[in-house]
Number of protein chains: 2
Amino acid sequence: MRPMSLPVGLPALADSDLVGQIARILMQAIVQGRLPPGSKVVEAGIARELGVSRAPVREAARLLEKQGLLVASPRRGFFVRKLEIRNIDEIYDLRLCIERHASVLAARRLSPESRNILRRQIDVLHRTADLDDPARQVEEDYRFHRLIFEIADNRRLLRLFDDLAAELRMVIGLIGRLYDDPHEIARTHEPLLAAIEAGHPERITAHVDYHIGHAWREVGRLVRELTTPSGNATEPPGGILFPTNGVSV
Amino acid sequence: MRPMSLPVGLPALADSDLVGQIARILMQAIVQGRLPPGSKVVEAGIARELGVSRAPVREAARLLEKQGLLVASPRRGFFVRKLEIRNIDEIYDLRLCIERHASVLAARRLSPESRNILRRQIDVLHRTADLDDPARQVEEDYRFHRLIFEIADNRRLLRLFDDLAAELRMVIGLIGRLYDDPHEIARTHEPLLAAIEAGHPERITAHVDYHIGHAWREVGRLVRELTTPSGNATEPPGGILFPTNGVSV
DNA sequence: CAAGATTAAACTGTCGACAATCGACGATTA
DNA sequence: TAATCGTCGATTGTCGACAGTTTAATCTTG
């Protein structure tokens, strides 16, 4: 968990990044269902529980606000964003929009190296599908799509994708189970890559539409299922961030 | 300026929004050329000059960071974003992407009322063109495009547009002059609206491409002109936020 | 005289405190 | 009884302070 400083290793980084750590802890608490959607995030409470002051907690909350996990209400505080179906639709609508664009750009900039990177990531997807590790599968899936944005080479587009991905990860985390068969998911990336290699904008767009549209419908269906039986946003006992699972802390 | 509370009027609101006020002041300082691109924004300095503490200044800076006017470097502070040509290209590329999408959506959702609103805004554009008020002209131009996003009815898309617009306003403010003939600009909105009314996705896309692409090229040209003669990012004398224009403060 | 080491100043990250504000609850009034 | 008005605790907005880090200036040294 705690990255140790290697003799020459660079990434000893982010150990003193208090804000980042807090943001990650909060994000986990959200996707894992503590801090349920709609619940209030009390700065002082989080700060006390983590043994820090309110300042970094506030900054972390703003970070998560930018990513859409929290919403800020002036003088009232931060709240965990409720996953209304409308939000899901808006997110996927935007994602579809930028992913079409990024895919066409990526096709234009595709080099043999970048092609191989995508190819290899699909292999990873297939291998991960055998592992029965939903979280990992989702992660590798996003990695593939992120690669497309990297190849498209527009930093702003990439940042936007990262933000959307963070939000979608929350949604999927809240859903709790994978929205489809892992092997099936891995397979559907093949024709997308093929279209990008071929470089026909229309074909690329069509495949992106199919691919993302599929996820959209599936996630939408599950969210609708999950959201109709009235969410009881009660706070679980034993501390929000590090709940006592029977074992004392 | 100061909204007074009417007998029954509601909007007496948002006067005590310190962070918002600071953000606005900073934004003005940026677009007006004090705080030139690349210069450092010192929290304590701003705070002292405004007679507030560092906390709200920090929050305002984060707000402007989200809008892309500032960039944060950990442990080094906030800097006014340099307008490299690459940023301009990335911004316009993204804007083109989402504006195509929004325009097609808007066409699908277009009602007689929303059509008239767009129609009327074009009239405003024509009238404003006679006023010889570049800032106003740019503002009304953005209002037209924002209306398209409102009609498209995706809040996230709208928010994204607002962020991009804020950044583009900074760029245009730094350029200092309008990038084209106001009347010409007003006229080019006509065929775009016509295409949206007709509802043909291809025609809409083509017109958006032409319209935004034109601005892209123009702004790109001016920025290239402006950015090549090496920016000397020295700090103007007399206080950054309220420079003494000969008159003592 | 230039490159590197050293010192001093400036600044950010974080903290604890206080006042203003919000929301809940109970008292008051019609 | 229902609606309105205070009151009180909880929570945010803002402040000033301090420590560690970065940057700038100064001093060595080859």
Side-chain angles (χ1 to χ4, degrees), chain A residues 5 10-26 29 35 38-66 70-81 233-235 239-241, chain B residues 3 5 7-8 10-26 29 35 38-66 70-82 232-235 237 239-241:
Chain A
S5 64
L10 299 169
L13 172 59
D15 195 14
S16 65
D17 179 14
L18 189 50
V19 172
Q21 285 181 283
I22 297 175
R24 246 167 295 155
I25 290 174
L26 280 175
L35 288 179
S39 64
K40 192 159 163 10
V41 176
V42 180
E43 295 174 9
I46 306 295
R48 189 164 0 96
E49 195 163 345
L50 293 177
V52 298
S53 81
R54 276 174 52 210
V57 173
R58 221 178 150 79
E59 296 242 346
R62 284 256 179 271
L63 205 65
L64 295 182
E65 186 202 4
K66 194 176 69 172
L70 300 181
V71 290
S73 180
R75 302 213 166 267
R76 289 172 20 85
F78 293 92
F79 297 82
V80 180
R81 169 180 276 234
T234 56
E235 177 180 307
I240 294 170
L241 301 182
Chain B
S5 65
V8 203
L10 299 170
L13 177 57
D15 194 16
S16 65
D17 178 15
L18 187 51
V19 172
Q21 286 180 282
I22 296 175
R24 243 166 298 154
I25 291 174
L26 281 175
L35 287 179
S39 65
K40 191 159 163 14
V41 176
V42 180
E43 296 175 9
I46 306 295
R48 189 164 356 97
E49 196 163 346
L50 292 177
V52 298
S53 78
R54 277 173 50 207
V57 174
R58 219 178 151 81
E59 297 241 347
R62 285 256 179 272
L63 204 66
L64 296 181
E65 185 202 5
K66 193 177 70 171
L70 300 181
V71 291
S73 180
R75 301 204 166 273
R76 289 168 24 85
F78 293 92
F79 297 82
V80 180
R81 168 179 277 232
K82 280 180 282 194
N232 52 342
T234 56
E235 178 179 307
I240 295 170
L241 302 181

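These values consider heavy atoms only, across backbone and side chains, with no hydrogens, waters or symmetry-generated copies. The sequence lines fix the lettering, A, B, ..., with proteins before strands; numbering per chain opens at 1.
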**Message:** What I want to check is whether an N or O donor and acceptor connect the side chain of A/R58 with the base of D/dG13 at under 3.5 Å.
**Reply:** no

**Message:** When you measure from the side chain of A/K40 to the backbone of A/R76, do you find a donor-acceptor pair of N or O atoms at a distance under 3.5 Å?
**Reply:** yes

**Request:** For C/dA10, take OP1 and OP2 only and decide whether either is under 4.0 Å from a side-chain N or O of B/K40.
**Result:** no

**Message:** Any base atoms under 4.0 Å from B/V41, or only sugar-phosphate, or nothing? Heavy atoms, all strands.
**Reply:** sugar-phosphate

**Complete:** Separation of D/dA19 atom C1' from A/L18 atom CG, nearest Å, is 14 Å

**Item:** Closest to the B/R54 side chain, choosing from D/dT14, C/dT12, C/dC15
**Value:** C/dT12

**Item:** Any B/S53 side-chain N or O less than 4.0 Å from OP1/OP2 of D/dC15
**Value:** yes

**Request:** Starting from C1' on C/dT14, measure out to CG on A/L50 and report it in whole angstrom.
**Result:** 14 Å

**Request:** Report the distance from atom CD of B/E43 to atom P of D/dA17, rounded to the nearest whole Å.
**Result:** 17 Å

**Prompt:** Between atom CD1 in A/I46 and atom C1' in D/dT12, what is the gap in whole Å?
**Reply:** 14 Å

**Message:** Could you tell me how far apart A/F79 (CZ) and D/dT11 (P) are, to the nearest whole angstrom?
**Reply:** 11 Å

**Prompt:** C/dA20 phosphate, OP1 or OP2: any side-chain N/O from A/R75 under 4.0 angstrom?
**Reply:** no

**Rounded distance (Å) that lies between atom P of D/dT12 and atom CD of B/E59** = 12 Å

**Item:** Nearest heavy-atom neighbours spanning A/A23 and A/L63
**Value:** CB-CD2, 3.9 Å

**Item:** Rounded distance (Å) that lies between atom P of D/dC15 and atom CZ of B/R48
**Value:** 14 Å

**Message:** Any carboxylate oxygen within less than 4.0 angstrom of a Lys/Arg side-chain nitrogen, looking at A/R62 and A/E59?
**Reply:** no

